[in-house]
Amino acid sequence: MKILGIESSCDETAAAVVEASGGSLKILSNVVASQIEMHRLWGGVVPELAGRAHIEKISEVCDNALKDAGCSVKDIDAIAVTSSPGLIGALLVGVNFAKCLAFSHNIPLVPVEHVHAHLCASALLEESPKPPFTALAVSGGHTAIYLGESFTRFTELASTRDDAAGEAFDKVARVIGLPYPGGAAMDKLAYEGDKNAMRFPSPAIAGNTLDFSFSGLKTAALNALNSARQKGEEIDRADLAASFTAAVCSGIAKRAEEALKQTGSKQLVLAGGVAANSHLRAALKNVCDKMGARLFVPPISLCGDNAAMVAAAGYFRYLDGMRADTGLNAFAD
Ligand code: KG4
Ligand code: ZN
């Protein structure tokens, strides 16, 4: 069967066609129209502009996804759409477009949760994880650990109590003058600095918990920069990027190790925009090697927001019998 995935929860308008046959999933097309250039002018995503840009692009992006997959809407067996969480005006564009397409062509419609979709990107790997697995979602909006009992049932074991990892990367990147979103630029710059130059608090908070907190770490990085500036000094940006990245990665790695111990699972799935971070991938590979576990990381193209992951999540939900009707609504959280 062929599933058309539609994603518009934040600043990427995306559509993809995924084919499921014999239990394996294959990406036939994966189109992403990014709004980053527009939001960069404002240093972050402007929700109103995001919604308008999705309206302008959604039709073309879906057409291109069908064209790239060599099919028409008549060949589609199910339409999967992100209905939560995200920016409400942005989500509504994808949801309403998907509703119209599904009901005008009599195609089943399947609502998808965005973070679960990120976790389902691992199902698109040549060798995908076999549930149950431990999963870590690290993105601009979320940082959480799950037990994946199946590709439709994710039990949250922990989450961030304040900022998400990507949000912290972007904030620190911004104050050292890197363009929005600064995560990828921080990744590169960290190679040029000394990770032991500055000491930052761990995002793996103390206590009997697997939860994270990134706000203390973020504030410590901003304070280090500001107090140096007040003294008329300039902090080495690469040292800051390296030390900050090291603190983020070792905190997440610590929690991943604890989660693997707690679940007893030998598979760790990494997902979300921050999963593109090379230092984080290396830190988690070390944890998995030490624990005799296998790490599943999507290619960079499937880490950030995309619709192939939405189609994959939609496929599993479709098999579970989940359907939506014209009453489908979008939810910000
Ligand atoms: O998953 P995503 O595309 O959107 C959300 O669902 O939030 O994640 C976007 C986040 C941004 O904060 C971006 O800076 C971060 O992922 N990111 C990275 C890297 N590439 C993207 N953070 C650290 N290192 C990277 N290489
Ligand atoms: Zn995302």
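Nothing here was measured: the structure is a model prediction, and the numbers come from that model. Read the numbers this way: they start at 1 and go in the same order the structure lists the ligands and their atoms.
- Remark: ligand 1 atoms within the under-4.0 Å shell around heavy atoms of His114 are 6 (O).
- Residue Pro181 has no N or O atom closer than 3.5 Å to an N or O atom of ligand 1.
- Scanning the protein for heavy atoms near atom 15 (C) of ligand 1, the closest one is Val274 CG2, 3.9 Å.
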Query raised in the report: Taking it one step at a time, do Ser215 and Asp162 satisfy side-chain hydrogen bond (donor to acceptor under 3.5 Å, both in side chains)?
Result: CA-CA 6 Å; Ser215 75; Asp162 39 59; 3.3 Å; yes
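- In this structure, Phe133 and Phe154 have tilted ring planes: the angle between them lies in the 30° to 60° band.
- For His142, no heavy-atom contact with ligand 1 is shorter than 4.0 Å.
- Considering backbone and side-chain atoms together, Gly182 places no N or O closer than 3.5 Å to any N or O of ligand 1.
- At under 3.5 Å, a nitrogen or oxygen of Asn277, whether backbone or side chain, sits near a nitrogen or oxygen of ligand 1.
- Salt bridge Lys2/Glu19: present, at least one basic N to carboxylate O contact under 4.0 Å.
- Under the 4.5 Å side-chain criterion, counting only non-hydrogen atoms from C-beta, Tyr146 is not in contact with Leu157.
- Ring centroid separation for the pair Phe151 and Tyr315 does not come in under the 6.0 Å cut-off.
- Residue Asp187 touches ligand 1 through its side chain alone, judged by heavy-atom distances below 4.0 Å.
- A salt bridge is absent between Glu192 and Arg237: the closest approach of a Lys/Arg side-chain nitrogen to an acidic carboxylate oxygen does not fall below 4.0 angstrom.
- Excluding waters, the set of protein N, O or S atoms lying under 2.8 Å from the Zn ion (ligand 2) comprises His114 NE2, His118 NE2, Asp305 OD1.
- Taking a cut-off of under 4.0 Å to the non-hydrogen atoms of His118, the atoms of ligand 1 that pass are 1 (O), 6 (O).
- The protein atom (non-hydrogen) at minimum distance from atom 3 (O) of ligand 1 is Asp305 N, 3.1 Å.
- Under a 4.0 Å N-O distance rule, the pair Arg229/Glu233 does not qualify as a salt bridge.
- When only interatomic distances are considered, the shortest N/O to N/O separation between Gly304 and ligand 1 does not fall below 3.5 Å.
- Using a cut-off of 4.0 Å between Lys/Arg side-chain N and Asp/Glu carboxylate O, Lys254 and Glu258 are scored as salt-bridged.
- The part of Asp170 lying near ligand 1 is the side chain, judged by heavy-atom distances below 4.0 Å.
- Between Lys171 and Glu167, no side-chain nitrogen of the basic residue sits less than 4.0 Å from a carboxylate oxygen of the acidic one, so the salt-bridge criterion is not met.
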Query raised in the report: Run the side chain to side chain contact (heavy atoms under 4.5 Å, CB included) check on Asn96 and Leu328 step by step: do they pass?
Result: CA-CA 8 Å; Asn96 284 315; Leu328 178 66; over 6 Å; no
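- Using a 4.0 Å cutoff on heavy atoms, Glu12 does not count as a contact of ligand 1.
- Close approach of ligand 1 to Gly166 is summarised as follows: ligand atoms under 4.0 Å from at least one heavy atom of the residue are 12 (O).
- Taking the six-membered ring where the residue is Trp, the centroids of Tyr191 and His279 are separated by under 6.0 Å.
- Taking every heavy atom of Gly141 and a limit of under 4.0 angstrom, the matching atoms of ligand 1 come to 7 (O).
- Distances between N or O atoms of Gly183 and those of ligand 1 include at least one value under 3.5 Å.
- With respect to the salt-bridge test (charged N to carboxylate O, under 4.0 angstrom), the residues Lys285 and Asp289 qualify.
- When heavy-atom distances to ligand 1 are checked against a 4.0 Å cut-off, Met186 has no atom that comes that close, whether in backbone or side chain.
- Judged by the shortest distance from any of its heavy atoms, His279 lies outside the 4.0 Å radius around the atoms of ligand 1.
- The heavy atom nearest to atom 10 (C) of ligand 1, out of those in Gly140, Pro85, Ala137, is found in Gly140.
- In terms of hydrophobic clustering, with Ile, Leu, Val, Met, Phe, Trp and Tyr side chains grouped at heavy-atom distances under 4.5 Å, Leu92 and Leu109 are assigned to different clusters.
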**Report entry** Met1 vs Tyr318, side chain to side chain contact (heavy atoms under 4.5 Å, CB included): CA-CA, chis, key distance, verdict
**Finding:** CA-CA 11 Å; Met1 70 178 283; Tyr318 176 87; 3.7 Å; yes
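- The salt bridge (charged side-chain N to carboxylate O under 4.0 Å, His left out) search around Lys266 returns none, not counting sequence neighbours.
- Side-chain atoms of Glu7 come within 3.5 Å of backbone atoms of Ser9 as a donor-acceptor pair (strictly under, hydrogens ignored).
- From the protein, the heavy atom lying nearest to atom 20 (N) of ligand 1 is Gly273 O, 3.5 Å.
- Not close to ligand 1: Cys10, with no non-hydrogen atom less than 4.0 angstrom away.
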